[in-house]
Asker: 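There's a structure below that I have some questions on.
As the structure is a computational prediction, the values presented were derived from the model and not from experiment.
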Amino acid sequence: MKIDFASSRQSTLGVEWELALVDGKTGELASVANQVLRGVASRHPELNEDDEHPHIKQELLLNTVELVTGICETAAEAKEDLSRSVAAVREITDPMGVELFCAGSHPFSPPQLQPVTDKARYAKLIDRTQWWGRQMVIYGVHVHVGLDRRDKALPVLDGLVNYFPHFQALSASSPFWGGEDTGYASQRALMFQQLPTAGLPFQFRSWEEYESYVQDMFTTGVIDTISEIRWDIRPVPALGTIEMRICDGLATLEEVGAIAALTQCLVDEFSTILDNGGTIPTMPPWHVQENKWRAARYGLDAIIIIDAAGREQLVTDHLLETLNRLEPVAAKLRCSDELADVEKIVRRGAGYQRQRRVAEENGGNLQAVVLDLVKQMRNGPTA
């Protein structure tokens, strides 16, 4: 099977932000995505009744909308694009008494009671995955970075895998599930990997080996389209990008920009290494798997494995070293401010830490957690 890789400008950027719709008073999930999407489309007379808005999309659940940027040069441009889409959605949701919030999961709404969007591909997913599929009340942020040639895709994927725990820890925001504290920083990370073809990517020695894998998935009926390979990091041949899908939902535009900048800088750094004839170090799969679990469990307090020799370091210490190393790359990509916002997440606390603080301050009331997330979405991060 031959898989073509589209032409992309190196280090261009695209971001996808999944947002939950909630009742503005109770914080309960509100399954009103169809009404919201129709309302948004009605403001664009150039769209036909069945046309999808170019930047505001349908998702698996009726309590979710997804914001998708165009092709951006910088993290700041991506933030501006997303801000316009948020404003367009709020024009419809505000009169409805519906609010927007984003986290890796909803703290208390029962997952099994959330209705699924009426589309054949979603019905097939639920039919195949059953109980696990019905638990997918989860939200994430995906970042695409353009690659100027196909041969970079798999080595860059391998490089990003080394930073899996950094992204997972920074974005972890799903400590609560069905009204309970799971004890994990990211319940979403462990929930999502239960789907077929989700979870950590395989690491291939060549593009031809990757093509053979995809052919096997088609031949054995595991997938019907290549997009059904839902790895935490994956090449997207149709767009000419590498896609970072690790992150839990992020509560604020500032955090989305920070994660986008970190992804863009790392991909650009790896691309430069390859352009200069260098190689990108890898770690054994068992180290990668352990890092995923540690980051999901402990978040920013995780002690992670940083190389194939098994050396370990606190994830925040290694992250700060990485940020310092990437400063020249960020200057080149004009995202220095957004990269600096990564350190603000560390200082302020990741989403899971902030949610637990709010719950504790309110006697365990998880409604207060959701309403605080709603406030953050509107006003930006709190100190």
Asker: Indicate if Tyr139 and Val36 have the same hydrophobic cluster label, given that clusters are the connected sets of ILVMFWY residues with side-chain heavy-atom separations under 4.5 angstrom.
Answerer: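 Hydrophobic grouping puts Tyr139 apart from Val36.
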Asker: Looking at Phe176 versus His106, is the centre-to-centre ring distance below 6.0 Å?
Answerer: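 No; His106 has its ring centre 6.0 Å or more from that of Phe176.
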Asker: In terms of relative ring orientation, are Tyr213 and Phe204 parallel, tilted or perpendicular, with 30° and 60° separating the classes?
Answerer: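 Ring orientation, 0 to 90° scale: tilted.
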Asker: Any carboxylate oxygen within less than 4.0 angstrom of a Lys/Arg side-chain nitrogen, looking at Arg205 and Asp158?
Answerer: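 Looking at Arg205 and Asp158, the cut-off is not met.
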Asker: Looking only at side chains, do Ser271 and Gln10 share a donor and an acceptor under 3.5 Å apart?
Answerer: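 Yes, a side-chain donor-acceptor pair sits under 3.5 Å.
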Asker: What pairs of residues pass the side-chain hydrogen bond (donor to acceptor under 3.5 Å, both in side chains) test when at least one of them lies in residues 309-327, not counting sequence neighbours?
Answerer: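 Applying side-chain hydrogen bond (donor to acceptor under 3.5 Å, both in side chains) to every pair that reaches into residues 309-327, excluding sequence neighbours, yields Tyr163-Arg325, His166-His318, Glu269-Arg325, Arg294-Glu312, Asp307-Arg311, Gln313-Glu321.
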Asker: Verify the neighbour count for atom CZ of Phe218: are there more than 12 heavy atoms of other residues, nucleotides or ligands below 6.0 Å?
Answerer: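 Atom CZ in Phe218 is packed in, count exceeds 12.
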Asker: So, using side-chain hydrogen bond (donor to acceptor under 3.5 Å, both in side chains) as the criterion, who are the partners of Gln355 when residues are at least two apart?
Answerer: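 Here no residue qualifies.
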Asker: Examine distances only and state if a side-chain atom of Ser173 and a backbone atom of Leu250 form a donor-acceptor pair shorter than 3.5 Å.
Answerer: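 No.
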Asker: Using a strict threshold of under 4.0 Å (side-chain N to carboxylate O), is an ion pair present between Glu208 and Lys2?
Answerer: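 Salt bridge flag = no for Glu208 with Lys2.
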Asker: Out of curiosity, Arg188 CZ to Gln193 CD, how far, rounded to the nearest 0.5 Å?
Answerer: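 If we round to the nearest 0.5 Å, Arg188:CZ and Gln193:CD are 11.0 Å apart.
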Asker: Could you state the interatomic distance from OG1 (Thr197) to CE (Met217), rounded to the nearest 0.5 Å?
Answerer: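 Answer rounded to 0.5 Å: 8.5 Å.
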Asker: Cluster question for you: counting only ILVMFWY and a side-chain heavy-atom cut-off of under 4.5 Å, with indirect links fine, are Leu21 and Val374 together?
Answerer: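 No, Leu21 does not connect to Val374 through the hydrophobic network.
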Asker: Pairing donors with acceptors under 3.5 angstrom, does anything connect the side chains of Asn63 and Ser31?
Answerer: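 No, because no side-chain N or O of Asn63 sits under 3.5 Å from a partner of the opposite role on Ser31.
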Asker: Can you see which heavy atom on Gly159 is nearest to which on Ile280, and at what distance?
Answerer: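 Reported closest heavy-atom pair: CA-CG2, 3.5 Å.
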Asker: Is there a donor-acceptor contact under 3.5 Å from the side chain of Thr241 to the main chain of Glu243?
Answerer: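 No: the side chain of Thr241 does not pair with the backbone of Glu243.
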Asker: Is a donor from one side chain sitting under 3.5 angstrom from an acceptor on the other, for Asp268 and Gln264?
Answerer: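 Looking only at side-chain atoms, Gln264 and Asp268 do not form any donor-acceptor pair under 3.5 Å.
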Asker: Taking only residues at least two apart or on different chains, which pairs with a member in residues 65-76 satisfy side-chain hydrogen bond (donor to acceptor under 3.5 Å, both in side chains)?
Answerer: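 Qualifying pairs: Arg9-Glu73.
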Asker: If you look at every heavy atom in Cys265 and Val329, which pair is closest and at what distance?
Answerer: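 Closest approach of Cys265 to Val329, heavy atoms only: O-CG1, 3.6 Å.
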Asker: Apply side-chain contact (heavy atoms from CB on, under 4.5 Å) to Leu300 and Gln353, showing your working.
Answerer: CA-CA 9 Å; Leu300 292 174; Gln353 294 170 315; 3.5 Å; yes
Asker: Taking all non-hydrogen atoms of both residues into account, name the closest pair between Ile3 and Glu211 and its distance.
Answerer: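 It is N-OE2, 2.8 Å.
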Asker: Which heavy atom of Leu200 sits nearest to which heavy atom of Trp231, and what is that distance?
Answerer: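 Leu200 and Trp231 have their closest heavy atoms at O-CD1, 3.9 Å.
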Asker: The test is side-chain hydrogen bond (donor to acceptor under 3.5 Å, both in side chains); show your working for Gln168 and Ser186 and say whether it passes.
Answerer: CA-CA 8 Å; Gln168 185 69 82; Ser186 175; 3.2 Å; yes
Asker: Taking all non-hydrogen atoms of both residues, which atom of Leu366 and which atom of Ala359 are closest, and how far apart?
Answerer: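 Shortest heavy-atom separation between Leu366 and Ala359 comes out as CD2-CB, 4.2 Å.
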Asker: To the nearest 0.5 Å, what is the distance between CD1 on Ile259 and SG on Cys247?
Answerer: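 Reported to 0.5 Å precision, the distance equals 4.5 Å.
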Asker: Is there a donor-acceptor pair closer than 3.5 Å between any side-chain N or O of Asn276 and the backbone N or O of Thr272?
Answerer: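 Present.
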Asker: Test side-chain contact (heavy atoms from CB on, under 4.5 Å) on Val288 and Trp286; report intermediate values, then the result.
Answerer: CA-CA 5 Å; Val288 174; Trp286 47 92; over 6 Å; no
Asker: Checking the side chain of Asp81 only, and the main-chain atoms of Glu77 only, is there a donor and an acceptor separated by less than 3.5 Å?
Answerer: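 Absent.
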Asker: So which heavy atom on Ile233 is nearest to which on Pro201, and how close?
Answerer: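 Residues Ile233 and Pro201, closest heavy atoms: O-CB, 3.5 Å.
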Asker: Do Leu323 and Val315 share a hydrophobic cluster, counting only Ile, Leu, Val, Met, Phe, Trp and Tyr and linking them when any side-chain heavy atoms are less than 4.5 Å apart?
Answerer: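 Leu323 does not cluster with Val315.
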Asker: side-chain contact (heavy atoms from CB on, under 4.5 Å) for Leu19 and Cys102? Distances and angles first, verdict last.
Answerer: CA-CA 5 Å; Leu19 303 181; Cys102 189; 3.9 Å; yes
Asker: Hey, are Glu91 and Arg43 close enough for a salt bridge, meaning a charged N less than 4.0 Å from a carboxylate O?
Answerer: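 Salt bridge flag = yes for Arg43 with Glu91.
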Asker: Taking Met377's backbone N and O only, do any of them form a donor-acceptor pair with Thr252's side chain (distance below 3.5 Å, no angle check)?
Answerer: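 Flag not set: sc Thr252 to bb Met377 has no pair under 3.5 Å.
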Asker: Is there a path of hydrophobic side-chain contacts, each under 4.5 Å between heavy atoms of I/L/V/M/F/W/Y residues, joining Ile303 to Val346?
Answerer: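 Not linked; separate clusters.
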Asker: Kindly indicate, with the supporting measurements, whether the criterion side-chain hydrogen bond (donor to acceptor under 3.5 Å, both in side chains) is fulfilled by Glu28 and Ser109.
Answerer: CA-CA 6 Å; Glu28 289 274 4; Ser109 285; 2.8 Å; yes
Asker: What's the verdict on salt bridge (Lys or Arg N to Asp or Glu O under 4.0 Å) for Glu254 and Arg348, showing C-alpha distance, side-chain angles and the deciding distance?
Answerer: CA-CA 12 Å; Glu254 179 184 285; Arg348 186 186 304 125; 2.9 Å; yes
Asker: Hydrophobic cluster membership, with links at side-chain heavy-atom distances under 4.5 Å among I/L/V/M/F/W/Y: are Tyr352 and Val137 in one?
Answerer: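 No, Tyr352 and Val137 fall in different hydrophobic clusters.
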Asker: Spell out, as yes or no, whether a donor-acceptor pair under 3.5 Å connects the side chain of Asn365 to the backbone of Gln367.
Answerer: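 The answer is yes, because a donor-acceptor pair under 3.5 Å joins these two groups.
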Asker: Pairing donors with acceptors under 3.5 angstrom, does anything connect the side chains of Trp293 and Gln289?
Answerer: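 There is no such pair (donor and acceptor under 3.5 Å, judged by atom type) between the side chains of Trp293 and Gln289.
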Asker: Just how far is it from atom OG of Ser105 to atom CH2 of Trp177, taken to the nearest 0.5 Å?
Answerer: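 That separation rounds to 5.5 Å.
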Asker: Would you mind checking if Glu16 and Arg245 are paired as a salt bridge, meaning a charged N to carboxylate O distance below 4.0 Å?
Answerer: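 Salt bridge between Arg245 and Glu16, a charged N being under 4.0 Å from a carboxylate O: no.
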Asker: Taking the side chain from His53 and the backbone from Ala41, do they hold a donor-acceptor pair closer than 3.5 Å?
Answerer: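 Here the side-chain-to-backbone pair does not exist.
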Asker: Is there side-chain contact between Leu13 and Leu333, with at least one heavy-atom pair below 4.5 Å?
Answerer: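 Heavy-atom side-chain distance check fails, nothing below 4.5 Å.
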Asker: Please check this pair: side chain of Ser42 against backbone of Gly39, looking for a donor-acceptor N/O pair closer than 3.5 Å.
Answerer: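 Between the backbone of Gly39 and the side chain of Ser42 there is a qualifying donor-acceptor contact (under 3.5 Å).
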Asker: If you apply the rule side-chain contact (heavy atoms from CB on, under 4.5 Å), what do you find for Leu326 with Leu262, and how did you get there?
Answerer: CA-CA 8 Å; Leu326 291 174; Leu262 180 58; 3.8 Å; yes
Asker: So which of Val236, Val214, Val222 actually passes side-chain contact (heavy atoms from CB on, under 4.5 Å) with Ile229?
Answerer: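 Of the listed residues Val236, Val214, Val222, the side-chain contact (heavy atoms from CB on, under 4.5 Å) partner of Ile229 is Val214.
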Asker: So does Ile71 have more than 12 non-hydrogen atoms from other groups sitting under 6.0 Å from CD1?
Answerer: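 Result for CD1/Ile71: open.
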Asker: Among Arg354, Lys79, Lys344, exactly one meets salt bridge (charged side-chain N to carboxylate O under 4.0 Å, His left out) together with Glu255. Which residue is that?
Answerer: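 Among Arg354, Lys79, Lys344, the one meeting salt bridge (charged side-chain N to carboxylate O under 4.0 Å, His left out) with Glu255 is Arg354.
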Asker: Kindly compute the distance separating CG (Asp248) from CZ (Phe167), expressed to the nearest 0.5 Å.
Answerer: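 Rounded to the nearest 0.5 Å, the CG-CZ separation comes to 13.5 Å.
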Asker: Could you tell me whether a side-chain N or O of Arg234 sits under 3.5 Å from a main-chain N or O of Ser227, the two making a donor and an acceptor?
Answerer: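 Yes: the side chain of Arg234 pairs with the backbone of Ser227.
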Asker: Give, for atom OG of Ser171 and atom CD1 of Ile345, the distance between the pair rounded to the nearest 0.5 Å.
Answerer: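 The distance works out to 8.5 Å.
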Asker: Please tell me whether Phe5 and Trp207 form a close aromatic pair, meaning their ring centres lie under 6.0 Å apart.
Answerer: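 That pair passes the under 6.0 Å test.
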Asker: Taking only Lys NZ, Arg NE, NH1 and NH2, and the carboxylate oxygens of Asp or Glu, determine whether Lys292 and Asp232 approach each other closer than 4.0 Å.
Answerer: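 Looking at Asp232 together with Lys292, the answer is yes, because their closest N to O distance falls below 4.0 Å.
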